[in-house]
Participant: 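I'd like to ask you about the structure that follows.
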Amino acid sequence: MELRITNPQENWLTEQILWNNEELKAAIAEKVKDYKTIAYTEDSLKDMKADRADLNKLKKAFEDERKRVKKICMEPYTKFEQQVKEITALIDEPIGLIDSQIREIDERRKTVKREEIEELFTSIGFQSFVKLDMIWDEKWLNATVTLPKIEEQMKSRMYQIGTDVVTISKLPEFKFEAMEVYRKTLDMNQAIQEGQRLDDIQKRKLEAERMEAERKAREAEEAAKQQTAAEQKEEPAAEKKTYSQVPRLLKDKVKEVLIDSGAEDLVTEDKQ
């Protein structure tokens with residue numbers, strides 16, 4: 001059974017459409033030459049529109065003929081195409097039936113393999129926070145991927161998770177928070193970034209607290225200075241005593257000090 005084209009033959013399909021192409025091309029080129037040199041003005045607007053209409057009419061005549069010839073050429077092909085589609089539709093029906101059965105068989109195979117993968121995951125002994133969907137690879141369900149290969153990939157992932165956990169446990173700060181992120185995502189970069197983010201927040205907080213403490217200390221010191229100055233201003237000036245008011249037993253000593261300091265003029269007794 002084969003498809004045989006009896007008419008047209010291949011050489012017919014390659015034949016040219018014969019028409020007075022060169023003759024018309026030369027005539028049109030000569031006709032439009034004049035339009036290229038015309039300098040229209042506002043007064044010749046009516047002529048401009050008339051010329052444009054003539055050119056559009058000429059162009060439409062060629063376009064209409066092109067479309068007519070194309071339709072003639074395409075008519076046998078359009079009919080042939082429809083006939084072929086009717087035949088291929090007959091073929092598509094059993095193809096569709098076969099495809100649906102293939103999909104059903106493949107889905108059953110995938111279901112069985114998924115169960116085998118779940119059992120394999122359980123037997124390997126992943127960390128308690130690791131779930132199968134967290135490491136799942138859809139390619140594992142392909143018929144070409146064997147269970148030993150899947151086991152190899154699972155163990156490699158498990159060892160990597162163990163290494164990541166050790167690395168996180170050695171973080172200087174916020175290891176708990178970083179580990180919580182890793183437990184949910186198994187993303188080492190995201191976990192480290194979370195630790196760094198919290199560390200940055202802590203540093204900014206401590207810096208803010210330090211600056212606040214310094215501000216309060218400055219305010220307290222300034223308030224103390226102002227309070228001292230106010231108290232000193234309110235205290236009455238101490239009454240100055242004369243030499244005559246010095247107790248008798250101290251006069252000789254005071255007199256000696258005054259003379260030594262050059263203030264002997266203060267050594268006088270008040271007149272009674």
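When a residue number appears, it is its place in the shown sequence, counting from 1. As a basis for the values below, the full set of heavy atoms in this structure was taken, side chains included, without hydrogen atoms, waters or symmetry mates.
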Participant: For Ser128, is there any backbone N or O sitting under 3.5 Å from a side-chain donor or acceptor partner on Lys131?
Facilitator: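 Answer holds: yes.
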Participant: Heavy-atom distance under 4.5 Å between the side chains of Leu58 and Lys31, does that happen here?
Facilitator: yes
Participant: Are Glu116 and Ile150 close enough that some pair of their side-chain heavy atoms sits under 4.5 Å apart?
Facilitator: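 A side-chain contact is absent here, since even the closest heavy-atom pair is not under 4.5 Å.
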Participant: Donor-acceptor pair, Lys113 side chain versus Asn142 backbone, under 3.5 Å?
Facilitator: yes
Participant: When rounded to the nearest 0.5 angstrom, what is the spacing between CE in Met188 and OG1 in Thr167?
Facilitator: 4.0 Å
Participant: Calculate, to the nearest 0.5 Å, the distance between atoms CG and CZ belonging to Leu132 and Phe126 respectively.
Facilitator: 8.5 Å
Participant: If you count every heavy atom of other residues, nucleotides or ligands that lies below 6.0 Å from Tyr35 atom OH, does the total exceed 12?
Facilitator: yes
Participant: What pair of heavy atoms forms the shortest contact from Ala178 to Ile168, and how long is it?
Facilitator: CB-CG2, 4.0 Å
Participant: Considering non-hydrogen atoms only, spot the tightest contact between Val32 and Ala29 and give its length.
Facilitator: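 Smallest interatomic distance, heavy atoms only, reads CG2-O, 3.5 Å.
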Participant: Would one find more than 12 heavy atoms of other residues, nucleotides or ligands at under 6.0 Å from atom CZ of Arg52?
Facilitator: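 At most 12 heavy atoms, drawn from other residues, nucleotides or ligands, come within 6.0 Å of this atom.
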Participant: From Gln127 CD over to Ile161 CD1, what is the distance, rounded to the nearest 0.5 angstrom?
Facilitator: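 Nearest 0.5 Å value for the CD-CD1 distance: 5.0 Å.
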Participant: Kindly indicate whether the side chain of Glu30, heavy atoms from C-beta on, has any atom under 4.5 Å from the side chain of Lys33.
Facilitator: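 Heavy-atom side-chain distance check passes, below 4.5 Å.
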Participant: When you compare the side chain of Val165 with that of Phe129, does any pair of heavy atoms fall below 4.5 Å?
Facilitator: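 Side-chain contact under 4.5 Å: yes.
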Participant: From Asp106 CG over to Thr111 OG1, what is the distance, rounded to the nearest 0.5 angstrom?
Facilitator: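 The distance works out to 9.5 Å.
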Participant: Return yes if a side-chain donor-acceptor contact under 3.5 Å exists between Gln160 and Asp164, otherwise no.
Facilitator: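 The criterion, which ignores hydrogens and geometry beyond distance, is satisfied for Asp164 and Gln160.
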Participant: Does Glu214 come within less than 4.0 Å of Arg210, counting only side-chain N to carboxylate O?
Facilitator: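 The answer is yes: the pair qualifies as a salt bridge.
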Participant: Start with the C-alpha gap between Glu221 and Lys225, add the side-chain angles, then the distance that decides, and say whether salt bridge (Lys or Arg N to Asp or Glu O under 4.0 Å) holds.
Facilitator: CA-CA 6 Å; Glu221 182 180 358; Lys225 289 180 180 180; 3.7 Å; yes
Participant: Determine the sole option in Arg68, Lys60, Arg66 for which the salt bridge (charged side-chain N to carboxylate O under 4.0 Å, His left out) test with Asp64 is passed.
Facilitator: Lys60
Participant: Hey, is the main chain of Tyr182 close enough, under 3.5 Å, to the side chain of Gln190 for a donor-acceptor pair?
Facilitator: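 No: the side chain of Gln190 does not pair with the backbone of Tyr182.
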Participant: Determine, stepwise, if the pair Arg157 / Leu186 fulfils side chain to side chain contact (heavy atoms under 4.5 Å, CB included).
Facilitator: CA-CA 10 Å; Arg157 189 72 176 95; Leu186 295 185; 3.6 Å; yes
Participant: Indicate the atoms forming the closest heavy-atom contact of Glu194 with Glu177, along with that distance.
Facilitator: CG-O, 4.4 Å
Participant: Report the C-alpha distance between Trp19 and Val69 in whole Å, list the side-chain angles of each, state the deciding distance to 0.1 Å, and finish with yes or no for side chain to side chain contact (heavy atoms under 4.5 Å, CB included).
Facilitator: CA-CA 11 Å; Trp19 60 296; Val69 173; over 6 Å; no
Participant: Rounded to the nearest 0.5 Å, what separation is found between the CG atom of Leu171 and the CD atom of Gln196?
Facilitator: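 Result: 8.5 Å between the selected atoms.
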Participant: Looking at Tyr77, I'd like to know if its OH atom is crowded, meaning that more than 12 non-hydrogen atoms belonging to other residues, nucleotides or ligands lie closer than 6.0 Å.
Facilitator: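 It does not: Tyr77 OH has 12 such atoms or fewer within range.
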Participant: Taking all heavy atoms of Thr185 and all of Met134, pick out the closest pair and write down the distance.
Facilitator: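 Smallest interatomic distance, heavy atoms only, reads N-CE, 4.5 Å.
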Participant: Assess the residue pair Arg204 and Glu207 against the criterion (salt bridge (Lys or Arg N to Asp or Glu O under 4.0 Å)); give the C-alpha distance rounded to whole Å, side-chain angles, the decisive distance to 0.1 Å, and a yes or no.
Facilitator: CA-CA 5 Å; Arg204 292 198 299 270; Glu207 179 64 15; over 6 Å; no
Participant: To the nearest 0.5 Å, what is the distance between CD1 on Ile105 and CD on Glu107?
Facilitator: 11.5 Å
Participant: Mind checking whether Leu141 and Trp136 have side chains closer than 4.5 Å, heavy atoms only?
Facilitator: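 Yes - at least one pair of side-chain heavy atoms lies under 4.5 Å apart.
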Participant: Considering only heavy atoms from C-beta outward, does the side chain of Ile117 approach that of Leu147 to under 4.5 Å?
Facilitator: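 SC-SC contact between Ile117 and Leu147 confirmed.
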Participant: Applying salt bridge (Lys or Arg N to Asp or Glu O under 4.0 Å), run through Lys67 and Glu63 and close with a yes or a no.
Facilitator: CA-CA 6 Å; Lys67 293 175 183 178; Glu63 286 294 313; 5.2 Å; no
Participant: Going by heavy atoms in the side chains, are Lys205 and Gln202 under 4.5 Å from each other?
Facilitator: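 Result yes, sub-4.5 Å side-chain heavy-atom pair found.
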Participant: Answer with yes or no whether the side chains of Gln153 and Trp140 bring together a donor and an acceptor at under 3.5 Å.
Facilitator: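 There is such a pair (donor and acceptor under 3.5 Å, judged by atom type) between the side chains of Trp140 and Gln153.
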Participant: Tell me which donor-acceptor pairs under 3.5 Å the side chains of residues 80-95 have, and how far apart each pair is, sequence neighbours excluded?
Facilitator:
{"unit_1": "Thr88", "atom_1": "OG1", "unit_2": "Val84", "atom_2": "O", "d": "3.3"}
{"unit_1": "Thr88", "atom_1": "OG1", "unit_2": "Lys85", "atom_2": "O", "d": "3.0"}

Participant: Without swapping roles, check the side chain of Lys175 against the backbone of Ser169 for a donor-acceptor pair under 3.5 Å.
Facilitator: yes
Participant: Quick one: do Leu198 and Val181 end up in the same hydrophobic cluster if we chain Ile, Leu, Val, Met, Phe, Trp and Tyr together by side-chain heavy atoms under 4.5 Å apart?
Facilitator: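 Cluster IDs for Leu198 and Val181 differ.
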Participant: Could you walk me through whether Lys216 and Glu219 satisfy the salt bridge (Lys or Arg N to Asp or Glu O under 4.0 Å) test, starting with their C-alpha distance in whole Å, then the side-chain angles of each, then the deciding distance to 0.1 Å, before giving a yes or no?
Facilitator: CA-CA 5 Å; Lys216 290 182 177 180; Glu219 291 179 352; over 6 Å; no
Participant: Is there a path of hydrophobic side-chain contacts, each under 4.5 Å between heavy atoms of I/L/V/M/F/W/Y residues, joining Tyr159 to Met154?
Facilitator: yes
